[in-house]
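Accompanying notes for the structure given below.
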Amino acid sequence: MPPPQHDAGRVLYAGLHLLDRQLVDRDGRYAGKVDDLELCPGEDGNTLFVSAVLAGPGALARRLGARRLGAWLERALTHLGDPPANDLRILFNRISDVGDHVTLAANHDEMATFAAGRWVRDHIIHHIPGSRVRPPGPEERG
Amino acid sequence: VKRIIEVSLGILTAIGGFVDIGDLVANTAVGARFHLALAWVVVLGVGGIVVYAEMCGRVAAISGRAVFDLVRERLGPRVGLANLAASFFINFLTLTAEVAGVAIALSLVSSVTYVLLIPFTGFLVWVVIWRLPFEWMERAFGLLGLALVVALVTVVRIGPDWNALLAQALHPHVPSEETPFTYAYYGIALFGAAMTPYEVFFFSSGAVEENWTEQDLAVERANVYVGFPLGGLLSLSLMTGAALVLAPSQIQVDQLSQVALPTALVVGKLGLAVLLVGIFAATFGAALETALSAGYTVAQFLGWQWGKFVRPEEAPRFHLVVVLSLAGGVLFALSGVDPVKVTEYSIVLSAAALPLTYFPILVIANDPDYMGEKVNGRLLNLVATAYLVVLVAVALATIPLMIITKAGA
């Protein structure tokens, strides 16, 4: 894996290189998609910078034009379980690499994007015997 | 030696796993109605699945990305979502048909009406998905599916005039009691059965599940280039058996059990038993594949963790989608739908949805950002593009033909 890039000035075609890419956490687990981007104007007022990645079905619905549905989905998500440690915006400084997928400098379990997954895990999957059994085969993989 | 065992095991698995309820029903029904006049479609369809399965297996091995992941990236969220909705629905029909198929196979040996066996079947499928490691699961049902070779034995036992059969297959004409429309409609059904989209969803996701890398490409190619055509041979055997045994008696196929009729008549009880094992394995294996594919497509579109290579608790939403789809399929099958009709609709609608799935595969297989040096060669691109043209033509013709022929009546 190439070294993490922290240079703020990297030029990417956001629509091509970022949108709809897979988010992968630092342990190689899938952590959602780049469903939308938050842009903010730079100091010169002409350039836009990507300030955060927005993830989750709410952001996706809003990007597709379903604003109400998007807001509802996001609210529903925040009602599921513990208040998320951070919101659904993934600030750009938590992204360690942009390649054919986007690597995060975090664990997916810490992310708000896993709120629904966490709920399903704690309320349904954990009640089924065998849910914690590790499958055979190569140990960790990324 | 280990390598040789691995390769041959993979090939055998691919042969046995190739046939599913769509192939069983379509080939038998077409053989009984059109003799071998549509055999060329099976060859065309097998060629198509070989070309595209190889591509998506290679993409998965090199980039670690499965098909629906790429669908979203290349088609964008809107068209991707439309594809997801269509694929999920068609896959659900297929899942329902496979579950019903397993139940029918079990009912033929247990004399319990198949409807009562449907919930049990659904539960069994789920238990296997939940507990059996991916590789064992794939191997066990693929190898057991080899029992379908008895369909080939059936044809050889009949001792047909091979030259006449070959002439029939090579100079196809529309039988006098059929119209060009029904001929085309059943051709599309056969094509859809051979190229069902879930096969590439499952094949590419399976490559990620088994953690394929560049070193596995040789094995992958052997599986696809040798295993799939031999699986197609089983399809053609079923068709030929139906053409030789069912067609002369004017038997129309409207029940899954009729798939077994030629073998039962020609090879006898033992043959029938072996064929039933094959039908059970083929439908059960495909029930596993379609149930998993329901989870694969949704999870890959939304970016959730998926797969059996992690603990179930790590992919909770994936497992939830799988179990809900299975439960839905069981309920739908219990509602009294005709399993053969569901099968026919699923393969014909598959044909209509094919381009949306196969186009992104072709694009990514040519993208050096993902593939490095392992991009498609020129010849492969030529063949794949020709297939894409066929897929689009088929997709456009499907719905009108469905209306004109009243779904092949």
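Here is the naming used below: chain letters follow the sequence lines, and residue numbers restart at 1 for every chain. On a predicted model such as this, the values are computed, not experimentally measured, just so you know.
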Report the distance from atom [atom1] of [X] to atom [atom2] of [Y], rounding to the nearest 0.5 Å.
X         : Y         : atom1 : atom2 : result
Arg74(B)  : Asp20(A)  : CZ    : CG    : 10.5 Å
Glu314(B) : Phe114(A) : CD    : CZ    : 8.5 Å
Glu313(B) : Ile125(A) : CD    : CD1   : 10.0 Å

Contact summary for Val120(A) and Arg317(B), nearest pair of heavy atoms: CG2-CG, 4.2 Å
Does [X] reach the side chain of [Y], with side-chain heavy atoms less than 4.5 Å apart?
X         : Y         : value
Pro129(A) : Trp130(B) : no
Asp100(A) : Asp369(B) : no
Leu60(A)  : Pro77(B)  : yes
Asp69(B)  : Gln22(A)  : yes
Arg311(B) : Ser131(A) : no

Residue-level interface, residues 296-308 of chain B with chain A, non-hydrogen cut-off under 4.5 Å: Gln300(B), Phe301(B), Leu302(B), Gly303(B), Trp304(B), Gln305(B), Trp306(B), Lys308(B)
Interface residues of residues 56-66 of chain B facing chain A - heavy atom cut-off under 4.5 Å: Ser63(B), Gly64(B), Arg65(B)
Which atoms of Arg131(B) approach chain A - backbone, side chain, both or neither, heavy atom under 4.5 Å: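 Side chain only.
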Chain A contact via Val323(B) - side chain, backbone, both or neither, heavy atoms under 4.5 Å: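 For Val323(B), there is no contact with chain A at all, as no heavy atom is under 4.5 Å.
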Selection from Pro312(B), Gly80(B), Ala315(B) maximising heavy-atom pairs under 4.5 Å formed with chain A: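 Top count of heavy-atom pairs under 4.5 Å with chain A: Pro312(B).
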Per-residue contact mode, Ala116(A) against chain B (heavy atom under 4.5 angstrom):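 Both backbone and side chain.
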Asp35(A) versus chain B, the contacting section by heavy-atom distance below 4.5 Å: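 Contact with chain B: backbone and side chain both.
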